[in-house]
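Reading through the C-alpha cells given below for one structure.
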Amino acid sequence: MKKILVTGGLGYIGSHTVVELQKSDFQVIIVDNLSNSSIDVLEGITNISKTPPRFERLDLRLKADVSDFFKRNKDIEGIIHFAASKAVGESVENPLLYYENNLNTLIYLLQECNAYGINNFIFSSSCTVYGEPDSLPITEDAQIKIATSPYGNTKQISEEILKDTCSVSELMAIALRYFNPIGAHETAEIGELPAGVPQNLVPFITQTAAGVRKELSIFGTDYPTEDGSCIRDYIHVVDLARAHVVALQRLLSKNTPAVDNHNYEVFNLGTGRGSSVLEVVNSFEKTTGQKLNYKKVGRRVGDVISVYADTKKANEILGWKTEKTMEEALLSAWKWEQKVRGID
Ligand code: NAD
Ligand code: UD1
C-alpha cells in the first residue's frame, strides 16, 4: 500500500479526498493543525471507510516540526497539499497571515520533498487565478489576471513556486484549479463546517433553511446574465475528491506530465456548466422542499460576473469527469446541515 500524506486532511475537501484515497487502497496519513477543522472529522472518515487514517496534529508553519515529521516518515510516496487559509475577505484584512500560511507551508514541504526524494505532489489551486475571464468556458491556458486578493495571490505564487521547483528537480506536480465545491458525503458523516458566518453561497443557503441565519442575501441581480445574478461552476465535493486520486495515480504511474512542461501540469476541476445564484436557490427549494427566506441586494465587491470551466483537459488526460448532479450536491449539503443542527 502506498503511503500518501494529506495536509489539511481534516478540512472540507481534504476529508472527502481521504475517503476516496482509502477506497482506492492508499494508506493515508493526515496532518492538520485544526485551525479550521475539528478532530471529530476523523471519526466521520472512519465511520465511512471503516479504516481510521493515521493522524498527526502538526502546524506546517513550524519548519523544525515539519522536518521532524519527515524524518519519522521517510516512506511517504506522494503528498496532496490542502492545508491553507482560504477566506478571501480575511486575507485582505490580514495579508501576512495568508502569505505566511499559504506560502511558507508549501516551501517547507517542497524542501522536504527534495531532501527525501518525494516526487509526487498535488496542489489545491483555485479558479480565482483567472479573475474576470475574457472568454468562457475557461481553459487552462487562459491568461492569469492580477489577483484581486492576497488569498488569490497566494494561489498564483504557489503555482509559480511549483513550476520553478519542478523545472530544476525530479519533482512532478499537478495543480488542480477548483471551481466552486459544494455538497457533502452522501452518508452525512463529513461535510463543510464553516467557522462563523458563511461567506460561500451553499452553506449560507443551508444555514438559512435550518434557521441559523434569518435570510439569504442574493448579491446582485443586475448583472449582464440571463436572470441578472452571477454565474459559477458548482462541483460536487465527492467528484472533486475523486479527481485527486486520479491525478495521484497519474503521477505514481510515472505517466509524467509532459517534459516540455517541466513535469508540471494544471487542470481545471469543474462541471463545465455555469449556474446562476437564482438557479441554485430555486434548485435547493425544489430538491429539498424547503422554502428559503431570501432578498435581492446590491452586488458584493470583488465578485466576477460569470465563470465556468472548460473541462476537456481533465476529461481527456486524467480520464475524469463529474458524475453527480447539482440536485445531489444540494440534497447532500442539506442532509449534512440537518445532521449538524440535529434536525430530523
Ligand atoms: P478547509 O479550511 O476546510 O481545509 C483546510 C485544512 O487545512 C483545515 O483543516 C485547516 O485546519 C488546515 N490547515 C490550515 N493551515 C494549516 C497549517 N499551517 N498546518 C496544518 N494544517 C493547516 O478548506 P477546504 O475548503 O477544504 O480547502 C482546501 C484547499 O483547497 C485550500 O488550499 C483552499 O485554498 C483550496 N480551495 C478551496 C476552495 C473552496 O471553495 N473550498 C476553492 C478553491 C481552492
Ligand atoms: C469565492 C472566492 C474565491 C474562492 C471561492 C471558493 C470571492 C471574491 N471569491 O468565490 O476566491 O476560490 O469562493 O471558496 O470571495 N452569493 C450570494 N449570497 C451569499 C453568498 C454568495 O448571493 O450569501 C453569491 C456570490 O455573489 C457569487 C455566488 O453566490 O455570485 C458564489 O459565491 P461564493 O460561494 O462566495 O463563491 P465565489 O464568489 O465564486
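Atoms within each ligand, like the ligands themselves, are counted from 1 in listed order. The first residue in the sequence is number 1, and the count goes up from there. Since the structure is predicted, the reported quantities are computational estimates derived from the model, not experimental observations.
With Asn282 contributing its side chain and Leu278 its backbone, the two residues share a donor-acceptor pair below 3.5 Å.
When the heavy atoms of Ser85, Gly14, Ala84 are ranked by distance to atom 5 (C) of ligand 1, first place goes to Ala84. Taking only non-hydrogen atoms, the option from Ala83, Pro181, Cys127, Ser37 nearest to atom 39 (C) of ligand 1 is Pro181.
No side-chain N or O of Asp239 forms a donor-acceptor pair with one of Thr322 less than 3.5 Å apart. A side-chain N or O of Ser85 and one of Asn101 form a donor-acceptor pair less than 3.5 Å apart. In this model, a donor atom of one side chain and an acceptor atom of the other lie less than 3.5 Å apart for Asn153 and Tyr99. Counting only N and O atoms by type, the side chains of Lys50 and Gln22 include no donor and acceptor under 3.5 Å apart. Side-chain contact, Ser125 with Tyr178: no donor N or O sits under 3.5 Å from an acceptor N or O. Counted by atom type alone, Asn73 and Arg54 present one or more donor-acceptor pairs between their side chains at under 3.5 Å. At a cut-off of 3.5 Å, with distance as the only test, no side-chain donor of Thr46 or Glu43 sits close to an acceptor on the other residue. For Glu90 and Tyr98, the side-chain atoms include at least one donor-acceptor pair closer than 3.5 Å. No hydrogens or angles considered: a donor-acceptor pair under 3.5 Å links the side chains of Ser67 and Glu112.
By the 3.5 Å distance cut-off applied to N or O atoms, Lys86 is counted among the residues near ligand 1. Geometrically, ligand 1 and Tyr151 share a nitrogen or oxygen pair separated by less than 3.5 Å. Residue contacts with ligand 1: Gly8 is placed with no nitrogen or oxygen under 3.5 Å of a nitrogen or oxygen of the ligand (distance criterion only).
Looking only at heavy atoms of the protein, atom 19 (N) of ligand 1 is closest to Leu60 N, 3.0 Å. Given atom 37 (C) of ligand 1, the protein heavy atom at minimum distance is Ile13 CD1, 3.8 Å. Of the protein's heavy atoms, Tyr12 N, 2.8 Å lies nearest to atom 3 (O) of ligand 1. For atom 11 (O) of ligand 1, the nearest protein heavy atom (residue, atom name, distance) is Asp32 OD1, 2.7 Å. In terms of protein heavy-atom proximity, atom 4 (O) of ligand 1 is closest to Gly11 CA, 3.4 Å. Among protein heavy atoms, the minimum distance from atom 28 (C) of ligand 1 is reached at Phe82 O, 3.6 Å. If you check which protein heavy atom lies closest to atom 22 (C) of ligand 1, you get Asn33 OD1, 3.0 Å. The nearest protein atom to atom 2 (O) of ligand 1, hydrogens excluded, is given as Asn36 ND2, 2.7 Å; this is a heavy-atom distance.
Of all atoms in ligand 1, listed by their number and element, those nearer than 4.0 Å to a heavy atom of Ser125 are 43 (C), 44 (C). Which parts of ligand 1 touch Ser124 is read off a 4.0 Å heavy-atom cut-off, strictly below it: atoms 29 (C), 30 (O), 32 (O), 35 (C). Heavy-atom proximity to Asp59, at under 4.0 Å, picks out these atoms of ligand 1: 17 (C), 18 (N), 19 (N). Residue-ligand proximity, Leu58 to ligand 1, at heavy-atom distances under 4.0 Å covers atoms 19 (N), 20 (C). For ligand 1, the atoms lying closer than 4.0 Å to a non-hydrogen atom of Leu34 are 11 (O). Of all atoms in ligand 1, numbered sequentially from 1 with element shown, those under 4.0 Å from a heavy atom of Ser35 are 10 (C), 11 (O), 13 (N), 14 (C), 15 (N).
The immediate protein surroundings of ligand 2, defined as residues with any heavy atom under 4.0 Å of it, consist of Val88, Ser126, Thr128, Tyr151, Asn180, Gln199, Asn200, Leu201, Phe204, Leu216, Ser217, Ile218, Phe219, Cys230, Arg232, Tyr234, Val277, Arg300, Gly302, Asp303.
Between Arg177 and Glu159, at least one side-chain N (NZ, or NE/NH1/NH2) sits under 4.0 Å from a carboxylate O, which counts as a salt bridge. Ion pairing between Arg232 and Asp303 holds under the 4.0 Å rule for side-chain N and carboxylate O. In this structure, Arg61 pairs ionically with Asp59, as a charged nitrogen and a carboxylate oxygen lie closer than 4.0 Å. Looking at Lys145 and Glu132, no side-chain N of the basic residue comes within less than 4.0 Å of a carboxylate O on the acidic one, giving no salt bridge.
Ring-plane geometry between Phe123 and His81 is classed as tilted, the angle between the planes lying from 30 to 60 degrees on a 0 to 90 degree scale.
At least one heavy atom of Lys155 lies less than 4.0 angstrom from ligand 1.
Minimum heavy-atom separation, Tyr234 to Ser275: CE1-O, 3.7 Å.
At a heavy-atom distance under 4.0 Å, only side-chain atoms of Asn101, from C-beta outward, approach ligand 1. At a heavy-atom distance under 4.0 Å, no atom of Asn200 approaches ligand 1.
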| field | Steps toward salt bridge (charged side-chain N to carboxylate O under 4.0 Å, His left out) verdict (Arg250, Glu265) | value | CA-CA 11 Å; Arg250 175 171 171 79; Glu265 274 183 325; 2.9 Å; yes

